[in-house]
Amino acid sequence: MADLYTVNKSPFEKNSLEDAIRFSSEGASILLIEDGVYGAMAGTAVSDLVAGATGRKFYALRADLKARGIAEDRLIDGVELVDYAGFVDLVVNHDKVQAWL
Amino acid sequence: MADLYTVNKSPFEKNSLEDAIRFSSEGASILLIEDGVYGAMAGTAVSDLVAGATGRKFYALRADLKARGIAEDRLIDGVELVDYAGFVDLVVNHDKVQAWL
Amino acid sequence: MKLAVQVNEGPYQHQATDSAYHFTKAALEKGHEVFRVFFYHDGVLNGTRLTTPPQDDRNIVNRWVELAEKYDLDLVLCVAAAQRRGIVDDGEAERNGKDATNIAPKFRISGLGQLIEAAIQCDRLVVFGD
Amino acid sequence: MKLAVQVNEGPYQHQATDSAYHFTKAALEKGHEVFRVFFYHDGVLNGTRLTTPPQDDRNIVNRWVELAEKYDLDLVLCVAAAQRRGIVDDGEAERNGKDATNIAPKFRISGLGQLIEAAIQCDRLVVFGD
Amino acid sequence: MSDVKKFMYLNRRAPYGTIYAWESLEVVLIGAAFDQEVSLMFVDDGVFQLVKGSDTSESDMKNFTPTYRTLGDYGVRHMYVDKASLEARGLTQDDLIEVAWEDWETEEEVDNIVEILDSKEIAKKLEESDVVFSF
Amino acid sequence: MSDVKKFMYLNRRAPYGTIYAWESLEVVLIGAAFDQEVSLMFVDDGVFQLVKGSDTSESDMKNFTPTYRTLGDYGVRHMYVDKASLEARGLTQDDLIEVAWEDWETEEEVDNIVEILDSKEIAKKLEESDVVFSF
């Protein structure tokens with residue numbers, strides 16, 4: 001197993017996503033929630049953070065994407081959407097959770 | 001007269017200082033308070049923001065520098081220190097105040 | 001699995017409290033044990049019974065109370081954080097000479113040790129904050 | 001000169017309330033008129049009388065109260081923000097069926113129009129926030 | 001100074017993650033009663049406030065995005081968007097809501113008061129304002 | 001799982017501008033009673049928490065910087081600092097406070113448990129922890 005990282009900050013506003021990637025080990029999962037879901041958008045100035053992070057699996061909370069009007073066809077390839085039940089499963093199926101606020 | 005910009009965010013954490021410089025006009029004054037005072041430090045990765053901003057006058061709140069252990073000899077040349085009374089004078093002596101939070 | 005949840009922010013100002021609620025609810029509905037929800041920093045402001053949110057918006061405090069009633073959930077407000085921010089139960093009112101209380105039902109005020117204990121006892125700690 | 005001050009954050013969590021207080025005090029000591037201090041967002045939490053900060057720390061609420069007593073300062077909490085966050089005076093308690101109040105002396109609850117009015121009336125608006 | 005002041009509301013935060021966008025909007029709505037000259041500025045993550053298609057049904061939050069569309073009726077005359085902030089987020093004007101405006105007395109109409117400006121133009125608008133509200 | 005867990009406190013915020021640094025420290029102090037294996041990590045503006053020479057006399061805030069020096073007495077075994085964060089802020093280890101540690105039973109002593117690590121080492125420390133506290 002590996003760790004689950006949660007990121008709730010817009011990558012345009014704070015470096016939490018960058019940190020989560022930098023300090024995570026191969027095999028880690030990174031879940032984007034709240035304003036963190038902006039990091040899942042393709043075609044932005046920071047898309048390469050997620051698109052270029054090999055060996056990490058990315059998830060985004062669907063409820064938070066929808067609230068912000070981000071359609072699924074705007075997402076970076078490979079980002080998987082979860083609901084809160086899926087969030088719980090991710091927590092259970094990883095060694096521990098690291099919140100990068 | 002010109003506008004006074006207040007910046008209270010660390011320039012390592014948010015782009016408020018960069019914005020205040022970008023959206024200010026020649027002759028503007030920029031006052032660094034709270035975590036914003038880290039923008040006044042010389043020799044950092046973001047020192048050029050202040051050091052390279054021509055036509056703007058920079059101030060920093062002394063109480064906030066001291067609380068953070070930033071000695072005066074660590075500051076960028078030309079940054080002027082003020083106390084809260086000086087903060088009030090700056091507000092009075094400019095057209096208006098723009099808070100870049 | 002046994003989970004602990006930490007909430008660092010107050011209601012409405014930051015979505016962290018919403019995320020914590022929905023996560024906790026989903027975990028309980030899936031049959032996991034939520035050992036404790038520990039409210040720290042401005043998070044203690046989730047535990048006031050004096051809020052009156054607009055009719056067309058969610059009632060964050062009541063949601064917690066209802067979840068606690070349904071699942072016998074342990075909602076703990078850090079005493080030090082609560083004192084700084086004015087969240088008071090009967091005991092605190094007496095100790096600190098306050099003339100009113102504002103704590104919501106199902107919440108209790110206790111020490112930081114309750115967070116440490118939760119972290120020791122539980123399989124996972126999940127933190128929600130700004 | 002006539003000044004208005006807006007405070008967006010609660011006490012202790014963020015230094016914005018400290019900055020607002022020290023600025024307001026300095027302005028009054030210099031002989032300026034502070035027409036109103038308007039508390040918005042979590043800023044309304046500055047107006048609770050139920051805080052008990054540690055003895056070795058500043059008492060943010062009492063500082064505002066003492067400043068208001070000395071200079072007859074108008075401290076206004078936004079009603080909509082106060083309802084969301086559980087700050088209640090007698091009128092609000094009656095209107096919303098609350099069994100307690102927690103507003104501190106010298107603070108009053110009123111509408112957002114008080115902020116707009118202050119911005120119109122004053123020579124400068126100074127905003128403190130997160 | 002004239003009776004009418006130029007108010008500028010400076011919005012730099014994403015919606016929903018924090019309450020600032022919504023409570024700022026509440027000030028604009030209330031402020032309509034005061035007959036000032038009102039503009040809104042959207043910079044940094046603030047541009048996300050105007051993105052179309054918000055659906056909060058799964059998150060149980062109040063959806064306030066539609067309220068922006070009505071601002072023309074609340075006396076808001078200009079809504080400015082920072083070009084650089086928009087581009088950095090991969091957005092274009094097509095992604096943003098439209099806000100119509102009409103002067104009931106002169107019958108002057110504007111289909112959409114949402115306008116994209118560059119940094120220099122924004123600096124000028126800020127400088128020309130009498131009061132800047134930040135949230 | 002053994003009786004003793006590895007606790008990691010992750011600190012990423014500057015002191016004094018917000019309360020997170022101070023209230024996080026309060027958890028560490030209380031946590032000493034629980035005999036876990038405790039480490040603190042300082043990343044991003046969190047490295048500013050350890051800067052020497054704080055003087056809050058003009059700002060009327062509680063000066064908690066000296067409390068970090070005592071953490072060795074509260075069972076904290078390691079304090080790690082991110083090298084990249086430190087360098088970006090123009091700081092060196094000389095700018096940081098020192099924290100001594102002593103094991104009263106074995107008489108083992110460490111003059112300073114504040115240690116600068118690179119990203120890879122930090123990732124490893126985080127991964128080896130059992131619980132990560134974020135504030």
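Every chain is numbered from 1 and lettered A, B, ... according to where its sequence line falls, protein lines coming before strand lines.
In this structure, Asp56(D) and Lys62(F) have side chains that are in contact, with non-hydrogen atoms separated by less than 4.5 Å. Between Met61(F) and Asp18(D) the shortest side-chain heavy-atom distance falls below 4.5 Å. For the pair Glu23(F)/Tyr12(D), no side-chain contact is recorded, criterion being any heavy-atom separation below 4.5 Å from C-beta on. Within the 4.5 Å cutoff, the side chain of Gln15(D) has no heavy atoms near those of the Ile19(F) side chain.
More than 12 heavy atoms of other residues, nucleotides or ligands shown are found within 6.0 angstrom of CD on Glu128(F). For Lys98(D), the NZ atom counts as densely surrounded, since its 6.0 Å shell holds more than 12 non-hydrogen atoms of other residues, nucleotides or ligands. Annotation: Glu29(D), atom CD; neighbour count of heavy atoms from other residues, nucleotides and ligands within 6.0 Å is above 12. Counted within 6.0 Å of NZ on Lys70(D), heavy atoms from surrounding residues, nucleotides or ligands total 12 or fewer; the atom is thus considered open. Heavy-atom contacts from other residues, nucleotides or ligands closer than 6.0 Å to OH of Tyr74(F) number 12 or fewer.
Among Arg63(D), His22(D), Arg58(D), the single residue meeting the side chain to side chain donor-acceptor pair (under 3.5 Å) criterion with Asp60(F) is Arg63(D).
With a 4.5 Å cut-off on non-hydrogen atoms, His14(D) touches chain F through its backbone and its side chain both.
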